Amino acid sequence: MATNSTRPLSPHLQNWRWHATMASSILHRATGVANYIGAVLVSVWLVLLAAGPETYAVWEELNAGPVGILITLALVGFTFSVSFHLLNGIRHLVWDAGIGFDAKGSNLRSILIMAGAVIITAGIWIAGGLL
Amino acid sequence: MSDFRTPLARVRGLGSAKSGTGHFIAQRVSAIALVVLMPLFLIKLAKNAGAGYAEAAAWVGSPLGAILTLLAMTAALYHMRLGLQVVIEDYIYRPATKAALLILNTFVAAGLWIAVLYSVLALAR
């Protein structure tokens, strides 16, 4: 296919200095994909539950064994992933209303949202007494 | 102003694929639903899922549990199908691979939705 040499080229990730809005934008995609995987696991869990106590025992055994630590870590990661995607998703909806495009404020909100997701995750797992 | 379209695109003259606005709106509407549904669902799920089979099954099967689970999972599976579609379209260059992954994305979302629907209704009886 012929290409037009006058078309503008966007420098890719390696050419940019990392900054907050860039990190939050990439994290929004990454957490979206992570949430997809999380939703697959929640669906599988619901099927195991519906299959009855004998089948559900497989999940409970996994959770009690050494794999249980990995499951807990995955759930902590999932908590962060959902928290971040939710907070940043609200920001996307605000953007759709045409609000919040100033450079300084965008950087600040990126940092606040990333910190907020960490605080929510820590709050649920530490203060909630689950860990 | 210079034209940034490729020569091929200019000859084809098709413009955009014309379904972008519908996709955009569907993504936003499901997002608004999820802002409310997902925290409610996940907090209730976390409270009820850890205490063994009987409690977990009783909660998912209860009227509030079943309805909340179906609402949240339906909105989530719809929203994530739309979201991953964009990710695939952005990063996968080869047309055959792209088409295969887009179809797989639809099958996974549809398959999970039916599985969740069946499971919750079976528990709710």
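Here is how names work: the chains are called A, B, and so on, in the same order as the sequence lines, proteins then strands, and each is numbered from 1. Nothing here was measured: the structure is a model prediction, and the numbers come from that model.
In this structure a side-chain-to-backbone donor-acceptor pair under 3.5 Å is missing from B/N48 to B/A56. Here the side chain of B/T97 pairs no donor or acceptor atom with the backbone of B/Y93 at under 3.5 angstrom. Under the 3.5 Å distance criterion, the side-chain polar atoms of A/S81 are left unmatched by any main-chain donor or acceptor of A/F78. Proximity of a side-chain donor or acceptor of B/H79 to a complementary backbone N or O of B/S30 within less than 3.5 Å is not detected. A distance-only check finds a donor-acceptor pair linking the side chain of B/H23 to the backbone of B/L82 [under 3.5 Å]. A donor-acceptor pair under 3.5 Å is formed between the side chain of B/T74 and the backbone N or O of B/L70.
Using a 4.5 Å heavy-atom cutoff, the side chains of B/M80 and B/L112 are in contact. Counting only heavy atoms from C-beta outward, the side chains of A/L75 and A/I71 approach each other to under 4.5 Å. In this structure, the side chains of B/L37 and B/F41 stay at 4.5 Å or more apart for every pair of heavy atoms.
Using a 4.5 Å cut-off between heavy atoms, B/L121 makes no contact with chain A at all. Of the atoms belonging to B/V60, it is side-chain heavy atoms, and not backbone ones, that fall under 4.5 Å from chain A. For B/A76, no part sits under 4.5 Å from any heavy atom of chain A, backbone or side chain. No part of B/I43 comes within reach of chain A, as not one of its non-hydrogen atoms sits under 4.5 angstrom from that chain. For a residue to count as touching a neighbouring chain, one of its non-hydrogen atoms must lie under 4.5 Å from one of that chain's; by this rule B/D90 touches chain A with the side chain only.
Within a 6.0 Å sphere centred on NZ of B/K98, heavy atoms belonging to other residues, nucleotides or ligands number more than 12.
Close approach to chain B, defined as a heavy atom under 4.5 Å from one of its heavy atoms, is seen in A/V42, A/S43, A/W45, A/L46, A/V47, A/L49, A/A50, A/G52, A/P53, A/Y56, A/E60 of residues 41-69 of chain A, taken by number. For residues 93-114 of chain A, heavy-atom neighbours of chain B at less than 4.5 Å comprise A/L93, A/D96, sorted by residue number.
Test A/M22, A/R29, A/H28 against A/I26 for side chain to side chain contact (heavy atoms under 4.5 Å, CB included) and you get one pass: A/M22.
In terms of heavy-atom pairs under 4.5 angstrom with chain A, the leader among B/A109, B/G61, B/G50, B/A49 is B/A49.
Residues B/M73 and A/A39 come closest through the heavy atom pair CE-O, 3.8 Å.
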